[in-house]
Amino acid sequence: EYKRLGTELQQRGQLDLAITIYRTLLQQTPDDADSWNNLGVALQNSGQFDAALAALASAVQVVPQAHTYCNMANVHVEKGDNEQAQRCYQQALQLDPESVNTLGSLGGFYMAQLRLEEALHYLDRAIAIDPGFAGGYWNRSLIHLLQGRLREGWRDYDARFDSPEVIQRFGQREFVKPIWDGQPIPGKTLLVYAEQGFGDSIQFCRYLPLLKQRVDHLLFESRPELLRLLRTLPGEIECVARRDDFSVAAFDFDYHIPLMSLPRLFNTELETIPAGAPYLSAEPERVQQWGERIEATGLKVGLVWAGSPGHQRDRDRSMTLAQFAPLAQLPDITFYSLQKGGAAAQAATPPVGMTLIDMTAEMHDFADTAAVIANLDLVIW
């Protein structure tokens, strides 16, 4: 009963309470491998990596289990020790060569290192054992896309709606109306909705004008910050704001489709990626207004150094402004901060010698960002 309470608290994210319960339980039953394992995972999730490894080591001393070695590997990955992580994954595989969890984790591990053929080997093995392993299809789709096998990649990509890990990251929508299969629907209204980040919406909205060949009325639902920019798309596309509660009660439509499923429906190959550019544009009057304020001589360079801190792999893709310090030594350059979010505060203390102008307080959406960029010579991000 006590162990179950710890598990429930851990699942609800109440890690401090769960850790206290596991430690209390282990004082009474120090040979409980499952509690040591659960304690290790809770400590990892709370950022206490060394303590997590110690707890997991205690678990395998009691009973060596594949999933515990997998958890140890995950902690080593968090610490950036890929060599130790690989050893732990292989120990897990020796204990249970048919473990779908271990095979899938190894696939993800090698994928992160761009050892793509090794990653595919383990993911294919996992899927062969469990054809319903959605996480395996999801990672395999990303590998196919990286390798330019777009049809295979987009086919597997739809497994995102069956993967709990992916759903946790991006959420999942529920509709009463049917999903669109790509066939022409004359006289009907199609709702396309953005499902992931801002960058994905900007990159894949290029498919929307193509839909007008198959759909009479098209709605595109996206984050409010993108609406003004998206309304510059060619064709009669009605762009509407997504509600915080994901409700679509205000929209009248007959079919729906997520934006990231459009490449599959269009059977996209490298040669058939919609390449008409620019398909989005800055508003001319806003370009002129910002241009009147961006009057520096010399090279004008925009800087962005960090993504969303909530991203699963933010540490692999975000920097600090201080890391741009070598650029401050270059002559005749004025830098402009395009950074939004918490990391934008770093603009108040730029590297020594860097001329950095921060106007982001007046940049209210991506239409403003586009207008600023139209007045710059270069953007580094």
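Because the structure is predicted, anything quoted here is derived from the model rather than measured. Computed over heavy atoms, backbone and side chain alike; hydrogens, waters and symmetry mates excluded.
Between E238 and H217, some side-chain heavy-atom pair lies under the 4.5 Å cut-off. Looking at heavy atoms from C-beta onward, L230 lies in side-chain contact with F220 at the 4.5 angstrom threshold. The shortest side-chain heavy-atom distance between W305 and F324 falls under the 4.5 Å cut-off. The shortest side-chain heavy-atom distance between E117 and I143 does not fall under the 4.5 Å cut-off. Using a 4.5 Å heavy-atom threshold, the side chains of I357 and I294 count as separate. L233 is listed as a side-chain neighbour of L280, based on a closest heavy-atom distance under 4.5 Å. Side-chain contact between H144 and L150 is absent, with no heavy-atom pair separated by less than 4.5 Å. In this structure, the side chains of D124 and R140 come closer than 4.5 Å at one or more pairs of heavy atoms.
Nearest heavy atoms, S141 versus D156: CB-CB, 3.4 Å. In terms of heavy-atom proximity, L116 sits nearest to M111 at CD2-O, 4.2 Å. The two atoms that bring L227 and A241 nearest to each other are CD1-CB, 3.5 Å, heavy atoms only. In terms of heavy-atom proximity, G298 sits nearest to D377 at O-OD2, 3.9 Å. When all heavy atoms are compared, the tightest approach of G104 to L123 is O-CD2, 4.0 Å. Across A322 and P351, no two heavy atoms sit closer than the pair CA-CG, 4.2 Å.
Judged by distance alone, the side chains of T360 and Y336 never bring a donor and an acceptor atom under 3.5 Å apart. Using modelled atom types and a 3.5 Å distance limit, the side chains of Q91 and Q86 yield no donor-acceptor pair. Donor-acceptor pairing under 3.5 Å is recorded for the side chains of Y89 and N74. Side-chain polar atoms of Q339 and S337 form no donor-acceptor pair below 3.5 angstrom. In this structure, a donor-acceptor pair under 3.5 Å is present between the side chains of Q289 and R286.
The structure places CG of N71 at 12.0 Å from CG of L43, a figure rounded to the nearest 0.5 Å. In this structure, L208 CG and C239 SG are separated by 7.5 Å, a value rounded to the nearest 0.5 Å. Between the CG atom of L211 and the CG atom of L262 there is a distance of 5.5 Å, given to the nearest 0.5 Å. Summarising the geometry, atom CD belonging to E285 is positioned 9.0 Å from atom CD belonging to Q288; distances are rounded to the nearest 0.5 Å. With rounding to the nearest 0.5 Å, the separation of CG in D50 from CD in Q44 is 12.0 Å. Between S261 atom OG and R160 atom CZ the span is 4.0 Å, to the nearest 0.5 Å.
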Quiz: residues 95-103 side-chain donor-acceptor pairs under 3.5 angstrom, not counting sequence neighbours:
unit_1: D96; atom_1: OD1; unit_2: E98; atom_2: N; d: 3.2
unit_1: D96; atom_1: OD1; unit_2: S99; atom_2: N; d: 3.4
unit_1: S99; atom_1: OG; unit_2: T102; atom_2: N; d: 3.1
unit_1: S99; atom_1: OG; unit_2: T102; atom_2: OG1; d: 3.0

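A distance-only check finds a donor-acceptor pair linking the side chain of T29 to the backbone of L25 [under 3.5 Å]. Not one N or O on the side chain of S35 forms a donor-acceptor pair closer than 3.5 Å with the backbone of D32. A donor-acceptor pair is defined here as one N or O able to donate and one able to accept, closer than 3.5 Å; such a pair exists between the side chain of Y279 and the backbone of Q203. For D368 (side chain) and M363 (main-chain N/O), no donor-acceptor pair under 3.5 Å exists by modelled atom type. Side chain of N37 to main chain of A33: no donor-acceptor pair is present (N/O by atom type, distance under 3.5 Å, no hydrogens or angles). Not a single donor-acceptor pair under 3.5 Å links the side chain of R242 to the backbone N or O of P224. The backbone N or O of V287 lies less than 3.5 Å from a partner atom in the side chain of N375, making a donor-acceptor pair. Not one N or O on the side chain of T355 forms a donor-acceptor pair closer than 3.5 Å with the backbone of T334. In this structure, the side chain of K188 does not engage the main chain of V215 through any donor-acceptor pair within 3.5 Å. Side-chain atoms of S201 do not come within 3.5 Å of backbone N or O of A194 as any donor-acceptor pair.
Within a 6.0 Å radius of CG in D181, other residues, nucleotides and ligands contribute more than 12 heavy atoms. Within 6.0 Å of CD on E83 lie no more than 12 heavy atoms contributed by other residues, nucleotides or ligands. Environment of CD in E236: sparse, with no more than 12 heavy atoms of neighbouring residues, nucleotides or ligands closer than 6.0 Å.
For the pair K177 and F253, the cation sits on the ring face: its NZ or CZ lies under 6.0 Å from the ring centre, inside 45° of the axis. The side-chain tip of R231 does not point at the ring of F366 from less than 6.0 angstrom away and within 45° of straight on.
When the side chains of ILVMFWY residues are joined at heavy-atom separations under 4.5 Å, either directly or via intervening members, L299 and V304 end up in two distinct hydrophobic clusters. Follow the hydrophobic side-chain contacts under 4.5 Å out from V379 and you reach W290 in the same cluster. Using a 4.5 Å cut-off between side-chain heavy atoms of Ile, Leu, Val, Met, Phe, Trp and Tyr, with links allowed through other members, Y255 and I237 fall into the same hydrophobic cluster. When the side chains of ILVMFWY residues are joined at heavy-atom separations under 4.5 Å, either directly or via intervening members, L39 and L15 end up in two distinct hydrophobic clusters. In the hydrophobic clustering of ILVMFWY residues, with side-chain heavy atoms under 4.5 Å counting as a link, L303 and M359 come out apart.
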Run Y22 and Q10 through side chain to side chain donor-acceptor pair (under 3.5 Å) and show every step you take. CA-CA 10 Å; Y22 289 136; Q10 191 169 347; 2.8 Å; yes

Tell me, with the steps shown, if I273 and R206 meet side-chain contact (heavy atoms from CB on, under 4.5 Å). CA-CA 9 Å; I273 294 172; R206 67 179 68 201; 3.8 Å; yes

Evaluation steps, side-chain contact (heavy atoms from CB on, under 4.5 Å), between W36 and V60: CA-CA 9 Å; W36 280 116; V60 297; over 6 Å; no

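Close placement of the Y122 and Y110 rings is indicated, their centers lying within 6.0 Å of each other. A ring-centre distance under 6.0 Å is found for F175 and Y193. Taking the six-membered ring where the residue is Trp, the centroids of F204 and W154 are separated by under 6.0 Å.
Here R264 pairs with D158 in a salt bridge; the nearest charged N to carboxylate O distance falls below 4.0 Å. A salt bridge between R293 and E362 is present, with a side-chain N of the basic residue lying under 4.0 Å from a carboxylate O of the acidic one.
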